[in-house]
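Read through the structure below, which is laid out as structure tokens, and then see the notes.
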2 protein chains.
Amino acid sequence: MEKGKKAPKKTRNLEQSRKEILDAAFWEVFTRGFQGVSIDDIVKKTSMTKGAFYHQFPTKLDLGYALVDEVIKPMTYSRWIDPLKEYDNPLEGILLQIKKLIGKAAPQELRYGCPLNNLVQEMAPVDAGFKKRLQNALTYWIEGMDKELKRAQKEGFLRPDVNTRQVAHFVVMAHEGFYGMLKGLDDPKAFNALYDSLKRYFETLRA
Amino acid sequence: MEKGKKAPKKTRNLEQSRKEILDAAFWEVFTRGFQGVSIDDIVKKTSMTKGAFYHQFPTKLDLGYALVDEVIKPMTYSRWIDPLKEYDNPLEGILLQIKKLIGKAAPQELRYGCPLNNLVQEMAPVDAGFKKRLQNALTYWIEGMDKELKRAQKEGFLRPDVNTRQVAHFVVMAHEGFYGMLKGLDDPKAFNALYDSLKRYFETLRA
DNA sequence: TTTACAACATACTAAATAGTATGTTAAGGT
DNA sequence: ACCTTAACATACTATTTAGTATGTTGTAAA
């Protein structure tokens, strides 16, 4: 007998199947939009069939909601907030992280924009359930940013008179704006223009 | 006989019909997205029928292209660039225009975001024809902004060492970012946070 | 006044789509 | 060993959709 890992070798597993569906759905929706993707498309990218899909998600909207709550919200946080904790100076971390994840991203990746922002633009005005969850994910991001800015303030990297919440809003807005512009222009040089301007803004905040 | 205005009282008019269709399509697409709207939906909002539609536009994509070229591109320019010409100081004009068109906009208007940005986010990665035209509209906007910034520089309102093209990119990005954030958060207070930060950035540019 | 065609209207079609109805089988409890 | 049910698979349906085929009529030129 082989040394089985922790995972039991079951051929049926609700959680695992859910993850597989969400994973496939994420890419399809990310690249083609929620309204541009059909359930059959998603199922095809899966090892399962339609029965499994509807066993997990009663409707297409429920899938969308789960995508925001279970995939995009935590993904955004772990991509943009968690890494900041490694930096003594969060302000420096924010800029470096942007350069890393946007400035050095491959064009084929950049052309699809930001998973969260995409859904905000497409679905927030169309469906109230979406809006509520997207709002929640955005606020979660902003609050994480705010915490890091408060830390920067405490450590003396940020002027004590600046409103951190306000700056957090602006920084998240800039993330979305960066993605949006690069998606529309697909001109690699545009990143430098945007980055330099953001840096200039940051310099006004330094203690 | 009545004093006929210039317009001939024709019951059939290719140009006029085109405008009516584009006008209806603009609102439907603006509020529900290009992929979320059907041709039958658009036709219903019109005084005409499907025959008229397909007489003007061979496919749905052709309608989308015309929307960008003939409606959204000039509309964006006349909303954001033309008014700047009324100001001695374009920098002042940009901020005032943002306050006017975004800060004081009704929430039901704001929730639908920016017509150009919406299409960029939704269609640029999905269709090459869309991407090309959206890119063109964005560049047109940026170049208009650049011209105004150069004028500001000439008139001594803007530091001579700043790269106007770079700033133009950032300002247009901020427009899109503002719309995107407000669309996602629908918190009226968020505008002030963003506006104050943008203002702070502008102050670093003053001569 | 007639005629030709552009500018529409009407009726239809094939494909796609979200969702349902009804199976089948793995697997844990007894 | 058997039984129950959760976790799927398969087959089907009603509706929507982009697009087409085929009319009808205003209108401008001859």
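Only this structure's heavy atoms are used, side chains among them; waters, hydrogens and symmetry mates stay out. All values derive from a computational prediction rather than experimental measurement.
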For Met48(A) and Lys60(B), find the nucleotide of DNA chain D closest to each by heavy atoms; which residue's nucleotide sits nearer the 5' end?
Met48(A)
Could you check how far [atom1] of [X] sits from [atom2] of [N], rounded to whole Å?
X: Leu14(A); N: dA26(C); atom1: CG; atom2: P; value: 17 Å
X: Tyr54(A); N: dA9(D); atom1: OH; atom2: P; value: 15 Å
X: Ile39(A); N: dT16(D); atom1: CD1; atom2: C1'; value: 15 Å
X: Gln16(A); N: dA27(C); atom1: CD; atom2: C1'; value: 15 Å
X: Asp40(B); N: dA18(D); atom1: CG; atom2: C1'; value: 8 Å
X: Gln35(A); N: dT16(D); atom1: CD; atom2: P; value: 16 Å
X: Gln56(B); N: dA6(C); atom1: CD; atom2: P; value: 14 Å
X: Lys50(B); N: dT22(D); atom1: NZ; atom2: C1'; value: 15 Å

Among [options], the one nearest [X] by side-chain distance:
X: His55(A); options: dA6(C), dG19(D), dA6(D); result: dA6(D)
X: Thr11(B); options: dT17(C), dG26(D), dA26(C); result: dG26(D)
X: Ser17(A); options: dC8(D), dG19(D), dT17(C); result: dC8(D)
X: Arg12(A); options: dA18(D), dT25(C), dC8(C); result: dT25(C)

For the aromatic rings, using the six-membered ring if either is Trp, is the centroid distance between Tyr201(B) and Phe170(B) under 6.0 Å?
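Here the rings of Phe170(B) and Tyr201(B) have centres that are less than 6.0 Å from each other.
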Side-chain heavy atoms of Leu119(B) within contact of Arg133(B), under 4.5 Å
no
In plain terms, say whether Lys150(A) and Asp146(A) are close enough for a salt bridge, that is, a side-chain N and a carboxylate O under 4.0 Å apart.
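Salt bridge present between Lys150(A) and Asp146(A).
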Ser17(B)-Gln56(B) side chain donor-acceptor pair, cut-off 3.5 Å:
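Judged by distance alone, the side chains do not pair up.
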Under a 3.5 Å threshold, yes or no: a donor from one side chain and an acceptor from the other, between Gln153(A) and Thr164(A)?
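Not at all, the side chains of Gln153(A) and Thr164(A) share no donor-acceptor pair under 3.5 Å.
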Under 4.0 Å, counting only non-hydrogen atoms across every strand here, what does Ser38(B) touch: a base, just sugar-phosphate, or nothing?
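Sugar-phosphate, no base atom in range.
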Checking all strands, does Val43(B) fall into the base, sugar-phosphate, or nothing category for heavy-atom contacts under 4.0 angstrom?
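If one applies the 4.0 Å heavy-atom cut-off, Val43(B) turns out to touch nothing in the nucleic acid.
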